[in-house]
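What follows is one structure encoded as structure tokens, with my remarks underneath.
Counting begins at 1 with the first residue of the sequence. Because only heavy atoms are used, hydrogens play no part in the values below, and waters and symmetry mates are left out as well, while side chains stay in.
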Amino acid sequence: MRDYQRRKNNKYYLPKSVYHRTLWVIRDYERMKEEVESLVEISGVNTDGMPRGNEASDQVYRMVIKRCDLLKDVNVIDMALELIPEEYRVGVWNNIQHNKAYPTYAAVRTFAMYKAIFIHSVAKGLNYV
């Protein structure tokens, strides 16, 4: 099963909905990162010199809030990834992002354990648990 979560002897077990929600936030990492970068370049607001209320500031405010929310999610994923030893990061990342098999230089259970730690850390950082 593609998004299998071990139930027995798994102290990082998450409720099914939380587990899948967290996986999809992790899988959305690249898009979120690109959007954070694109929101840095806030385009100029068209004004014709006449005051019209707070429309321009509301637009900038919404963009800043959106960027902050996305940046928070990206940072949570980055920090959780740092918890995994460097030699296992790429294997865990590729397994989640691209459904690739774990590399053969370590046991599958080792990678599965670090994957569980990573997903649980992201869920905790996003306040899902």
Side-chain angles (χ1 to χ4, degrees):
M1 190 168 172
R2 182 175 171 196
D3 293 331
Y4 174 75
Q5 180 183 199
R6 199 167 42 104
R7 288 180 167 256
K8 292 184 179 179
N9 299 323
N10 182 4
K11 66 181 181 179
Y12 302 105
Y13 182 79
L14 296 168
K16 188 176 181 177
S17 60
V18 172
Y19 181 77
H20 287 284
R21 184 177 180 188
T22 306
L23 272 179
W24 283 106
V25 169
I26 294 168
R27 288 177 179 152
D28 197 29
Y29 177 83
E30 293 301 325
R31 184 202 61 85
M32 289 188 301
K33 201 161 184 176
E34 287 174 11
E35 196 163 344
V36 164
E37 294 302 318
S38 72
L39 288 174
V40 168
E41 302 168 4
I42 298 175
S43 61
V45 179
N46 294 333
T47 58
D48 60 3
M50 298 299 292
R52 291 200 167 108
N54 292 342
E55 186 177 321
S57 64
D58 287 347
Q59 180 185 6
V60 172
Y61 176 76
R62 282 192 303 272
M63 291 173 77
V64 168
I65 294 300
K66 182 176 183 178
R67 184 176 186 277
C68 286
D69 290 343
L70 290 170
L71 193 57
K72 179 187 134 304
D73 291 354
V74 167
N75 287 338
V76 165
I77 294 168
D78 287 340
M79 290 185 335
L81 205 53
E82 291 292 320
L83 297 174
I84 300 172
E86 195 172 332
E87 59 269 20
Y88 302 111
R89 284 182 200 155
V90 172
V92 169
W93 186 257
N94 286 336
N95 179 264
I96 292 172
Q97 292 291 338
H98 310 293
N99 199 28
K100 289 187 178 179
Y102 297 122
T104 57
Y105 58 81
V108 171
R109 291 184 124 209
T110 304
F111 280 105
M113 178 190 64
Y114 284 119
K115 179 180 176 181
I117 291 170
F118 174 61
I119 293 171
H120 189 271
S121 299
V122 172
K124 209 169 179 183
L126 297 173
N127 296 318
Y128 293 168
V129 288

* To do: May I have the step-by-step check of side chain to side chain contact (heavy atoms under 4.5 Å, CB included) for Ile77 and Met32, ending in yes or no?
  => CA-CA 11 Å; Ile77 294 168; Met32 289 188 301; 4.0 Å; yes

* **Any donor-acceptor pair under 3.5 Å from Thr110 side chain to Ala106 backbone** => no

* Is a side-chain N or O of Asn95 found less than 3.5 angstrom from the main chain of Ala101, in a donor-acceptor match? -> no

* Asked: Just how far is it from atom NZ of Lys16 to atom CZ of Arg7, taken to the nearest 0.5 Å?
  -> 8.0 Å

* Asked: Which heavy atom of Leu14 sits nearest a heavy atom of His120, and at what distance?
  -> CD2-CD2, 3.4 Å

* To do: Please report the closest heavy-atom contact between Tyr12 and Gln5, naming both atoms and the distance.
  => O-OE1, 3.9 Å

* Is the Tyr105-Phe111 ring centre distance short of 6.0 angstrom? -> yes

* Spell out, yes or no, whether Ile117 and Val76 are grouped together once hydrophobic residues are joined by side-chain heavy atoms under 4.5 Å, including indirect joins. => yes

* Asked: What pair of heavy atoms forms the shortest contact from Ile119 to Thr22, and how long is it?
  -> O-CG2, 3.5 Å

* Verify the cluster assignment for Met63 and Val36: are they in a single hydrophobic cluster under the rule of side-chain heavy atoms below 4.5 Å apart? => yes

* Asked: So, Arg67 side chain and Leu39 main chain: donor-acceptor pair closer than 3.5 Å or not?
  -> no

* Asked: Tell me the side-chain hydrogen bond (donor to acceptor under 3.5 Å, both in side chains) pairs involving residues 73-82, sequence neighbours left out?
  -> Tyr29-Asp78

* Atom NZ of Lys100: over 12 foreign heavy atoms under 6.0 Å -> no

* Asked: Does any N or O in the side chain of Gln97 come within less than 3.5 Å of the main-chain N or O of Ile26, such that one atom is a donor and the other an acceptor?
  -> yes

* Going from CZ on Phe118 to CH2 on Trp93, what distance comes out if it is rounded to the nearest 0.5 angstrom? -> 5.0 Å

* **Within one Ile-Leu-Val-Met-Phe-Trp-Tyr cluster: Met113 and Val129, side-chain cutoff 4.5 Å** => yes

* Pairing residues for Lys124 by the side chain to side chain donor-acceptor pair (under 3.5 Å) criterion, not counting sequence neighbours -> none

* To do: Would you verify whether the NZ or CZ of Arg21 falls within 45 degrees of the ring axis of Tyr128 while also being under 6.0 Å from that six-membered ring's centre?
  => yes

* Asked: Among the clusters formed by ILVMFWY side chains lying less than 4.5 Å apart, do Val108 and Val92 turn up in the same one?
  -> yes

* Check side chain to side chain donor-acceptor pair (under 3.5 Å) between Asp28 and all other residues, then give those that pass, not counting sequence neighbours. => Arg31

* Asked: Are Leu81 and Tyr114 connected, step by step, through hydrophobic side chains (Ile, Leu, Val, Met, Phe, Trp, Tyr) whose heavy atoms are closer than 4.5 Å?
  -> yes

* To do: Taking the six-membered ring of Trp24 (Phe, Tyr or Trp), confirm whether the NZ or CZ of Arg27 is under 6.0 Å from its centre and within 45° of its axis.
  => yes

* Asked: Shortest non-hydrogen contact from Val122 to Ala80?
  -> CG2-CB, 3.5 Å

* Nearest non-hydrogen partners of Ala116 and Asn10, listed with the distance -> CB-OD1, 4.2 Å

* Rounded to the nearest 0.5 Å, what separation is found between the CG atom of Leu70 and the CD atom of Glu37? -> 11.5 Å

